[in-house]
Amino acid sequence: MNNKKAGVLLVNLGTPTAPTASAVKTFLSEFLHDKRVVDLNRFIWCPLLHGVILPIRAPKVAKLYQSVWMDDGSPLMVYSQRQVVALQKRLSMPVALGMTYGEPRIKSGIELLEQQGCDKIIILPLYPQYSRTTTAAVFDQIAKQYKSTPVLPNFSFVHNYHDHPLYIKALAESIRLSWEKKGKGDYVLCSYHGIPQRFVDNGDIYALHCERTTELLAQELGLTPEQIGMSYQSRFGREAWLQPYTSETLTELTPKGIKSLDIISPAFSSDCLETLEELSEECKEIFMEAGGQKYTFIPCLNDDDLHIEMMADIVSQKISH
């Protein structure tokens, strides 16, 4: 395969177009309508979503977005676009961006690559750990958008990279850099985005991937179980989600003598509301109120050089196969 005819589509979840209640409502409506994310009966879920959840939640979430919004737009969009530029420069080949929900659409990203003469497209969902709620949702969008197309593009789909050596190395280096700049804490907490426990009970392998990532990161950093652990954040609704919950874990660390905490979210490839607001602000408040003395939030890998090197390696392997 000639590399000039191959292209890469980076895919992330998506983001509101503006930090307003209206834009947030539009985004959340599409996101929470996906059965991969919420699989409740539509006759029950849709009236609840539009009649109760969105009218109440959208204005609140919009205020949170306003607190993290960057000059160039939503953090997730800004960092995703930087990743596209950096990877394109690294590979010297076309790279486009697509979002599972909102703009730019996955289909428009693929069409952009096809317009540049790409006849093989590597789809790279920026979710290190596989889940039906994220990676599978990307695949669904591709299938849906090309359902009536006579000839499908030549796709190569990246399933996950939770244990990729360069991914683990990049995470470890980001933690070491934080230690150099801000000092090493008593404990590293890896906080992953949660999903309903029921999904895992029904076969989702997400939790296994999160556990393996944490295990490999501990090995890379030379940390013992007393120095590193994991939890799950961002739970929504009343049903049980993956545990332990980050919010509860934070209150349980200080009685064990952990007063200085380093926290990172390996499940996110780009900083976003869940990291810049929830993890950096809300969780800090919980930890400090529980008796913590120092709380260090470690940013996502974003467009870090090692992160881009990892993406390039994944793409190169797909092209050679």
Side-chain angles (χ1 to χ4, degrees), residues 7-18 23-40 42 45-46 49 53-54 57-58 61 65 73-84 87 95-114 121-147 149 152-153 155-162 192-196 199 204-206 209 234 236 265-275 300-302 311 314-315:
V8 183
L9 182 71
L10 297 183
V11 184
N12 213 321
L13 188 83
T15 177
T17 56
V24 169
K25 187 175 182 180
T26 298
F27 172 73
L28 288 180
S29 177
E30 183 182 2
F31 174 51
L32 296 175
H33 263 103
D34 192 336
K35 289 184 179 180
R36 288 285 192 181
V37 179
V38 181
D39 62 351
L40 299 177
R42 299 293 101 173
W45 175 241
C46 289
L49 177 63
I53 295 173
L54 291 178
R57 193 168 175 82
V61 174
Y65 267 109
S74 163
L76 183 140
M77 181 63 74
V78 171
Y79 288 121
S80 295
Q81 290 172 335
R82 290 179 184 175
Q83 289 168 341
V84 168
L87 185 59
V95 181
L97 179 65
M99 298 291 182
T100 311
Y101 314 102
E103 300 291 340
R105 295 284 175 184
I106 290 173
K107 186 177 181 180
S108 66
I110 293 173
E111 289 173 345
L112 183 63
L113 293 173
E114 289 177 327
I121 297 171
I122 292 91
I123 309 289
L124 176 51
L126 294 172
Y127 308 116
Q129 300 78 22
Y130 172 91
S131 173
R132 56 165 281 176
T133 61
T134 51
T135 316
V138 174
F139 191 85
D140 287 348
Q141 287 288 343
I142 294 170
K144 180 181 177 182
Q145 291 169 357
Y146 286 91
K147 194 172 183 179
T149 302
L152 292 174
F155 293 125
S156 183
F157 193 85
V158 178
H159 187 272
N160 72 87
Y161 53 92
H162 74 284
Y192 297 84
H193 197 292
I195 63 173
F199 290 179
D204 197 315
I205 56 177
Y206 178 68
H209 282 186
S234 310
F236 174 77
S265 191
F268 294 93
S269 61
S270 304
D271 275 311
C272 53
L273 187 67
E274 286 82 0
T275 63
C300 293
L301 297 177
N302 296 318
M311 294 182 198
I314 291 173
V315 170

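- Of the residues Ile142, Leu9, Ile121, the one that meets the side-chain contact (heavy atoms from CB on, under 4.5 Å) test with Phe157 is Ile142.
- Across all non-hydrogen atoms, the minimal contact from Ala18 to Ala23 is O-CB, 3.3 Å.
- A distance-only check finds no donor-acceptor pair linking the side chain of Asp271 to the backbone of Asn302 [under 3.5 Å].
- Rounded to the nearest 0.5 Å, atoms NZ (Lys144) and NZ (Lys147) are 9.5 Å apart.
- Residues Ser270 and Gln81 are not in side-chain contact: their nearest non-hydrogen atoms beyond the backbone lie 4.5 Å or more apart.
- Under the 3.5 Å distance criterion, the side-chain polar atoms of Tyr79 are left unmatched by any main-chain donor or acceptor of Cys272.
- Of the inter-residue distances, the one linking Met77 atom CE with Glu103 atom CD reads 8.5 Å to the nearest 0.5 angstrom.
- Scanning both residues, Pro128 and Pro266, for their nearest heavy atoms gives CG-O, 3.6 Å.
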Handout entry: side chain to side chain contact (heavy atoms under 4.5 Å, CB included) between Thr134 and Tyr206, worked out
Key = CA-CA 10 Å; Thr134 51; Tyr206 178 68; 5.8 Å; no
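- Residues Cys46 and His33 form a side-chain contact, since some pair of their non-hydrogen atoms from C-beta on lies under 4.5 Å apart.
- Atom NZ of Lys25 and atom CD1 of Ile53 lie 12.5 Å apart (nearest 0.5 Å).
- Without hydrogens or angle criteria, Ser80 side chain to Leu76 main chain gives a donor-acceptor distance under 3.5 Å.
- Every residue meeting the salt bridge (charged side-chain N to carboxylate O under 4.0 Å, His left out) condition with Glu30, not counting sequence neighbours, appears here in chain and number order: Arg105.
- Closest approach of Cys300 to Ser265, counting heavy atoms only: SG-O, 4.4 Å.
- By the 30° and 60° cut-offs, the orientation of the rings of His209 relative to His159 is perpendicular.
- Closest approach of Asn12 to Tyr127, counting heavy atoms only: C-OH, 3.3 Å.
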Practice task
Take Leu10 and Met311, measure what side chain to side chain contact (heavy atoms under 4.5 Å, CB included) needs, and give me the verdict at the end.
Solution key: CA-CA 9 Å; Leu10 297 183; Met311 294 182 198; 4.2 Å; yes
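- Atom OH of residue Tyr192 and atom OG of residue Ser131 lie 14.0 Å apart, to the nearest 0.5 angstrom.
- Within the model, atoms CG of Leu113 and CD1 of Ile123 stand 8.0 Å from one another, a figure rounded to the nearest 0.5 Å.
- Qualifying salt bridge (charged side-chain N to carboxylate O under 4.0 Å, His left out) partners for Arg57, counting only residues two or more places apart in sequence or in other chains: none.
- No side-chain heavy atom of Phe236 sits less than 4.5 Å from a side-chain heavy atom of Val37.
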Practice task
Assess whether side chain to side chain contact (heavy atoms under 4.5 Å, CB included) is satisfied between Ile106 and Tyr146, documenting all intermediate values.
Solution key: CA-CA 11 Å; Ile106 290 173; Tyr146 286 91; 5.9 Å; no
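- Residues Lys35 and Arg42 form a side-chain contact, since some pair of their non-hydrogen atoms from C-beta on lies under 4.5 Å apart.
- Partners of Tyr101 under the side chain to side chain donor-acceptor pair (under 3.5 Å) rule, at least two apart in sequence or in another chain, are Asp34.
- Val158 approaches Pro125 most closely through the heavy-atom pair O-CD, 3.3 Å.
- Annotation: side-chain contact (heavy atoms from CB on, under 4.5 Å) contacts of Phe199 (sequence neighbours excluded): Asp39, Arg132, Thr133, Ile195, Pro196, Asp204.
- Residues forming a side chain to side chain donor-acceptor pair (under 3.5 Å) with Thr15 (at least two apart in sequence, or on another chain): Ser74.
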Practice task
Would you please test Tyr161 and Leu126 for side chain to side chain contact (heavy atoms under 4.5 Å, CB included) and show each step?
Solution key: CA-CA 9 Å; Tyr161 53 92; Leu126 294 172; 4.2 Å; yes
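- Residues meeting the side chain to side chain donor-acceptor pair (under 3.5 Å) test with His193, sequence neighbours left out: none.
- Under the 3.5 Å distance criterion, the side-chain polar atoms of Gln83 are matched with a main-chain donor or acceptor of Ser269.
- Using a 4.5 Å heavy-atom cutoff, the side chains of Glu114 and Pro153 are in contact.
- Without hydrogens or angle criteria, Gln129 side chain to Asn160 main chain gives no donor-acceptor distance under 3.5 Å.
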